[in-house]
Amino acid sequence: MASEEKPSSRRPWSLRRKLVLGVLIALLIIGLALGLGLGLTIGRDDSDGDDDGDDNNPPPTTTVSPLPPPNTTFPWVPKVNDTWQIILAHPPLLSSSDTTTTPNVSIFDIDLFDTPAETIKQLHDLGKKVICYFSAGSYEDWRPDAGNFEPEDLGKGLDGWPGEKWLAVKSENVRKIIRSRVQMAKDKGCDGVDPDNVDGYQNDNGLDLTQDDSISFMSYLSSITAPLNLTMGLKNAGDIIPAVLPLVHFSVNEQCAQYGECTTFKPFIDAGKPVFHIEYPDGAGEGEVQTQGLQEDVVKKLCGKDGNAAGSEGFSTVLKKMELDGWVEYCDGNVQTTSVNETAGNHGGDSKRR
Ligand SMILES: *[C@@H]1O[C@H](CO)[C@@H](O)[C@H](O)[C@H]1NC(C)=O
Ligand SMILES: *[C@@H]1O[C@H](CO)[C@@H](O)[C@H](O)[C@H]1NC(C)=O
Ligand SMILES: *[C@@H]1O[C@H](CO)[C@@H](O)[C@H](O)[C@H]1NC(C)=O
């Protein structure tokens with residue numbers, strides 16, 4: 001009985017043992033596979049990060065990037081020294097008999113919402129490129145899509161800009177709204193976009209925005225503009241230039257000469273990307289200045305390549321009124337006024353931008 005019981009009791013024990021052994025082997029195989037996979041991943045990460053030549057790994061054959069492959073087929077990207085005009089207060093007003101624009105520059109930076117597609121087409125017909133401005137990092141209560149933001153998307157008000165609030169740029173809802181603005185830029189025929197207020201981290205924003213948030217937001221903006229062939233600029237945000245320079249095609253800078261920080265934006269020029277540089281001198285476009293231009297010493301201070309404006313070699317500088325209307329003076333003293341449609345844009349007649 002016992003001899004019969006033993007095998008009968010040993011069989012299940014043996015089976016259990018086999019099962020345990022099988023499970024152990026399976027775990028070992030899984031473990032080895034995972035280890036191998038992990039090893040391969042680590043190995044690849046190592047070679048990716050290894051561009052300082054301090055170890056003996058062979059150069060990487062593939063790179064891993066969280067971004068879509070860079071669009072190298074943009075039909076147009078702006079160049080260093082390209083000439084431009086920026087008008088955000090009202091849309092420029094062209095007539096069908098115009099044979100050129102005033103001024104005869106190559107690029108117009110204009111408001112995405114306020115400018116009709118027809119105006120963009122007229123500019124194209126005159127051989128001009130169009131960069132469409134919109135605020136990407138602030139809520140503006142007068143925009144037609146303002147009602148789509150949720151209360152939790154909004155932070156503190158922008159100092160000196162009534163009706164504007166910092167945006168939670170990580171919010172899915174904010175990104176969805178910005179995505180439809182980018183699509184609007186594509187639909188209207190813009191060649192590029194000038195997304196403003198991406199430097200919330202520098203301000204008392206009420207949302208704990210960090211530089212990393214801005215970098216991640218610029219990556220997001222790049223991932224939605226590049227597939228549409230829209231070139232994109234970085235507005236101010238000097239601190240994040242090293243991180244996002246590969247993603248953007250130009251800088252739009254305000255007042256680097258006034259604040260003596262033009263050198264911060266020089267990496268754009270070094271990378272062959274233009275810096276569209278705006279200064280807002282006192283009295284710009286007022287009284288006699290409107291036609292005669294600014295005092296020579298004022299122009300020299302903001303346009304010189306030394307002193308306060310050191311580091312601004314190759315910048316495409318415009319001297320403007322803070323409300324960014326049709327008046328502009330260039331560094332060579334050339335003063336021009338673009339006609340605008342005063343019945344459109346300029347919400348409530350406020351000054352528009354810094
Ligand atoms: C982008 O431009 C390329 C040519 O430069 C063109 O082949 C492609 O269709 C364009 N894509 C879009 C979405 O416009
Ligand atoms: C406008 O500028 C372009 C490019 O510099 C030039 O070819 C053209 O002749 C200019 N047009 C007029 C009317 O000055
Ligand atoms: C831009 O213009 C400046 C001043 O005329 C010149 O020194 C510089 O070489 C130009 N840069 C390019 C890339 O054309």
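Just so it is clear, the model here is predicted, and its values are computed rather than measured. Whatever order the structure lists them in is the order used to number ligands and atoms, beginning at 1.
- Distance CG/Leu294 to CG/Leu302: 8.0 Å, rounded to 0.5 Å.
- Contact atoms of ligand 1 toward Lys186: 12 (C), 14 (O) (distance under 4.0 Å to a heavy atom of the residue).
- From Ile110, atom CD1 reaches atom CG of Leu123 across 6.5 Å, with rounding to the nearest 0.5 Å.
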Scan the side chains in residues 172-188 for donor-acceptor partners under 3.5 Å anywhere in the protein, sequence neighbours excluded, and list what turns up.
from: Asn173; atom 1: ND2; to: Asn148; atom 2: O; distance (Å): 3.0
from: Asn173; atom 1: ND2; to: Asp153; atom 2: OD2; distance (Å): 2.7
from: Arg175; atom 1: NE; to: Val169; atom 2: O; distance (Å): 2.8
from: Arg175; atom 1: NH2; to: Val169; atom 2: O; distance (Å): 3.4
from: Arg175; atom 1: NH2; to: Ser216; atom 2: OG; distance (Å): 3.0
from: Ser180; atom 1: OG; to: Lys176; atom 2: O; distance (Å): 3.3
from: Ser180; atom 1: OG; to: Ile177; atom 2: O; distance (Å): 3.0
from: Arg181; atom 1: NE; to: Asp145; atom 2: OD2; distance (Å): 2.8
from: Arg181; atom 1: NH1; to: Ser135; atom 2: O; distance (Å): 2.8
from: Arg181; atom 1: NH2; to: Asp145; atom 2: OD1; distance (Å): 2.8
from: Arg181; atom 1: NH2; to: Asp145; atom 2: OD2; distance (Å): 3.4
from: Gln183; atom 1: NE2; to: Asp187; atom 2: OD1; distance (Å): 2.9
from: Lys186; atom 1: NZ; to: Leu228; atom 2: O; distance (Å): 2.9
from: Lys188; atom 1: NZ; to: Leu112; atom 2: O; distance (Å): 2.8
from: Lys188; atom 1: NZ; to: Phe113; atom 2: O; distance (Å): 3.2
from: Lys188; atom 1: NZ; to: Thr115; atom 2: O; distance (Å): 2.8

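- Hydrophobic clustering places Met232 together with Leu167 (ILVMFWY residues linked when any side-chain heavy atoms are closer than 4.5 Å, directly or through intermediates).
- In summary, the atoms of ligand 1 found under 4.0 Å from a heavy atom of Pro227, numbered by their order in the structure, are 13 (C).
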Atom pairs, nitrogen or oxygen, ligand 2 to protein, under 3.5 angstrom:
from: ligand 2; atom 1: 2 (O); to: Asn104; atom 2: OD1; distance (Å): 3.2
from: ligand 2; atom 1: 2 (O); to: Asn104; atom 2: ND2; distance (Å): 2.4
from: ligand 2; atom 1: 11 (N); to: Asn104; atom 2: ND2; distance (Å): 2.8
from: ligand 2; atom 1: 14 (O); to: Asn104; atom 2: ND2; distance (Å): 3.2

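- Between Phe74 and His249, the ring planes lie perpendicular to each other; the angle is over 60°, past the 30° to 60° tilted range.
- Under the 4.5 angstrom side-chain criterion for Ile, Leu, Val, Met, Phe, Trp and Tyr, Tyr259 has no cluster partners at all.
- Using a 4.0 Å cut-off to heavy atoms of Thr73, the atoms of ligand 1 that qualify are 2 (O), 3 (C), 4 (C), 5 (O).
- Every residue meeting the side chain to side chain donor-acceptor pair (under 3.5 Å) condition with Tyr201, not counting sequence neighbours, appears here in chain and number order: Asp239.
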